[in-house]
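The structure appears right after this line, and notes come after that.
Worth saying up front: this structure is predicted, and the values here are computed from it rather than measured. In the text below, chain A, chain B and the rest are named by the order of the sequence lines, each starting its count at 1.
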Number of protein chains: 2
Amino acid sequence: MGTRIKDIARELGISESTVSRALSDHPKISNSTKEEVRQAANELNYQPDLIAKSLKLKQTKTIGVIISDITNPFYPEIIKGAEDVANKNSLNIFLCNSDYNRERQQNYLKVLAGKRVDGIIISPIGEKYEIINFLIKNRIPFVLIDIKPAIKIETDCVYADTEYGAYIGVKHLIELGHKKIAIINGPIVNSPCKQLKSGYMKAIEEDKIPINEKYLKECNLKTEGGYRAVKELLKLGKEEIPTAAIFISDITAIGAYDAIYESNMKIPDDFSILGYDDIPGAKYFFPPLTTVAQPKYELGETAMKLLIGEFASADNWKHKQIKILPKLIIRSSTAKPPDR
Amino acid sequence: MGTRIKDIARELGISESTVSRALSDHPKISNSTKEEVRQAANELNYQPDLIAKSLKLKQTKTIGVIISDITNPFYPEIIKGAEDVANKNSLNIFLCNSDYNRERQQNYLKVLAGKRVDGIIISPIGEKYEIINFLIKNRIPFVLIDIKPAIKIETDCVYADTEYGAYIGVKHLIELGHKKIAIINGPIVNSPCKQLKSGYMKAIEEDKIPINEKYLKECNLKTEGGYRAVKELLKLGKEEIPTAAIFISDITAIGAYDAIYESNMKIPDDFSILGYDDIPGAKYFFPPLTTVAQPKYELGETAMKLLIGEFASADNWKHKQIKILPKLIIRSSTAKPPDR
DNA sequence: TTGATTAATACAAACGATTGCATTATTATC
DNA sequence: GATAATAATGCAATCGTTTGTATTAATCAA
């Protein structure tokens, strides 16, 4: 239906190869024909078929990005960072939203492989070995995002140091005087969740605070997960109800607001809430949420740069694992514990 | 490098066409060879080349989605709605973020055309005729999102009735007793902005409230735009400072919180704020934001369904323009005006 | 046995670009 | 004026699929 190189060639009475070369400004084509070709292309509204080009050239100028929840404000900033870098390098992004669903993640992996993307940035959910195996087997360059590398794994990755983030967060709670501190975590199979726990443990143990197993909660990563977890905590004996909690994300912390208010308790007077991520809007919660800020944009930016190989110079033979430090943002959802 | 149909064919000593047909379960291929082929494909880790397939079949099973700001929580829900429908129809989404940048939008349009996507959903910024022209000229099926159709335009579109939303919002303010109501709008070229204004006007005029030109603000669609607009309003003479404002989005309304608090004023006692969108988190602002809720997920869902043609039945020759009604969510950022 | 029918597979062209090599046209060199 | 060098263009193969049309093999009817 549309215009092809063939059509331009016919129109001008020259060969397809000449048109192709003229369009890509090949030095061996005369300026006059180049001009003619460009004009004809314009008149005929020629749009190059990137599919055909990709097939021939074996590169798609496209990077696949798989994230787990586009609705979580944590991700859009990452995507933006990645997209900005991609654009600067005339690359495009194929965005996939696994929605915390492993099957869907697996499916997207296959689609991206089939679409022959030039590389993949993925924030993996669930067991990551199969993902890594798949990518390696299919020879797709990739960068893991927001995953702390395990010892055995040798891959490029960019991650925020959640262990450190959890540590400084819980330390902050301890300094305020809290001793009954809960942790509302996501599924512990996820790397950031693992890290959150170990940061929490480190801070708790450092201050010789006894560990209460009932304070260790796992929930799904949505608001409703946080809500339910806190509801359960509030059912404990009066003396045992924690006075503070650290959450795996601001989104789950929001659920805590709901649960606490439903019980006619006050934040932070009766319960201190420490979020994680610093999503836009956290500043305007009631009360403004104390949280650990993720370097979101930077995470996306760095991952894409790494993938593109901007960082690959002298020693690009070895995998880079880049750590970015989060920051504690103290607002008003944390305060000293109530004297019960 | 990877496995091709050719490789499977060689491996089994049969022809490529047989392999291809076996893989797609063609009835004329014997079950025994089908089984052999499937097994070999598995062993050799065959991943079909979707690029080649697309070239041949002239369809990519991909829908391009262009939105203007992935960072605005308004969009992720839309995307999710669209993606869910797409997935159910084994379609994928190629997401593009124009970032309110016309050049970038134009560029993405070209890329998507070049990538031969099967259709495009776009939330257009700036002048939409050139976009529509481009899409028609290139014979790409498309659906406009969040754009109220002008009389002359005959295209599929799905939009939330912003005029109605603004009308019920401003009515609410008037009923509270406000007479000095500002409108912090986005660039008036955008359709939702036009609608916001006319809804505002309708409500104001209905109650015979005189129009103050100084209350009609245009700003960019980010938090900082709302901040600056309100700052300017607060510089007016004491008597002239408005007592309430409706904002084009919750994101810009956030800027108002900053500006108001900087002037040591209180919300809603000194100034009522009415947002638009109902982004996740708006409920937890201080004070919780009164806002007009967009049917976001539904918007994306409907747009994709429309594009796929699920709605195309008897009368699919004419363009559908689907209107979805927003809802007023009254929280605590609006109250009766102060008696100055 | 022979021709017709059916089942299973193979051949080859096509999708729309790119590119190494061959070819032709033009100019330079002696 | 013949040959070499250079400039500009054309030919044809290729990327990995799919699919219409042979082709071959197997089965059946008479």
Within a strict 4.5 Å, meaning less than it, do heavy atoms of the B:V37 and B:I14 side chains meet?
yes

Separation of atom NZ in A:K34 from atom C1' in D:dA8, rounded to whole Å:
11 Å

Is any NZ, NE, NH1 or NH2 atom of the basic residue among B:K80 and A:D99 found under 4.0 Å from an Asp or Glu carboxylate oxygen of the other?
yes

At 4.0 Å (heavy atoms only), tell me whether B:I51 reaches a base, stays on the sugar-phosphate, or touches nothing.
nothing

In whole angstroms, the gap separating P of C:dT18 from CD of A:Q59 amounts to 11 Å

Any donor-acceptor pair under 3.5 Å linking the side chain of A:N92 with the backbone of A:T62?
no

Provide, to the nearest angstrom, the distance between the CD1 atom belonging to A:I29 and the P atom belonging to C:dG20.
13 Å

Roughly how many Å is it from NZ in A:K6 to C1' in C:dA13, rounded to a whole number?
12 Å

Looking at the base of D:dG16, is there any donor atom on it, or on the side chain of A:R116, that sits under 3.5 Å from an acceptor on the other one?
no

Would you mind classifying the nucleic acid contact of A:K28 as base, sugar-phosphate or nothing, using non-hydrogen atoms under 4.0 angstrom?
base

Between B:K58 and C:dG16, is there a side-chain N or O to OP1/OP2 distance below 4.0 Å?
yes

Is there a donor on the side chain of A:S17 or the base of D:dC11 sitting less than 3.5 Å from an acceptor on the other?
yes

Are any of A:T33's side-chain N or O atoms less than 4.0 Å away from OP1 or OP2 of D:dT9?
yes

On DNA chain C, check which nucleotide each of A:R21 and B:P27 is closest to and give me the residue with the more 5' one.
B:P27

Given atom NE2 of A:H26 and atom P of C:dT19, what is their separation to the nearest angstrom?
9 Å

Rounded distance in Å - CD1 (B:I5) to P (C:dA10):
13 Å

Think B:S15 has a side-chain N or O under 4.0 angstrom from the OP1 or OP2 of C:dT9?
no

Without decimals, in angstroms, what is the distance between A:D25 CG and C:dT18 C1'?
16 Å

Between A:G13 and B:Y46, which residue's closest nucleotide on DNA chain D lies nearer the 5′ terminus?
A:G13

Kindly say whether A:E16 contributes a backbone atom to a donor-acceptor pair with the side chain of A:S20 at under 3.5 angstrom?
no

Measure from the side-chain heavy atoms of B:T18 and tell me the nearest of C:dA8, C:dC15, C:dA10.
C:dA10

Please work out if A:S30 contacts a base, only the sugar-phosphate, or nothing of the nucleic acid, heavy-atom cut-off 4.0 Å.
sugar-phosphate

Nearest-Å distance for atom pair CG/C1', residues A:L57 and C:dT19
10 Å

Counting the atoms with a prime plus P, OP1 and OP2 as sugar-phosphate, which does A:L55 contact under 4.0 Å by heavy atoms, base, sugar-phosphate, or nothing?
base

Need one value for A:L50: base, sugar-phosphate or nothing, where a base atom within 4.0 Å counts as base even if backbone is also close, heavy atoms only.
nothing

Tell me whether the side-chain N or O atoms of B:K56 pair up with the base of D:dT18 as donor and acceptor below 3.5 Å, since no angle test is needed here.
yes

For A:L221 versus A:P187, what's the shortest heavy-atom pair and its separation?
CG-CD, 4.1 Å

On a heavy-atom basis, the closest approach of A:F74 and A:L299 is CZ-CD2, 4.2 Å

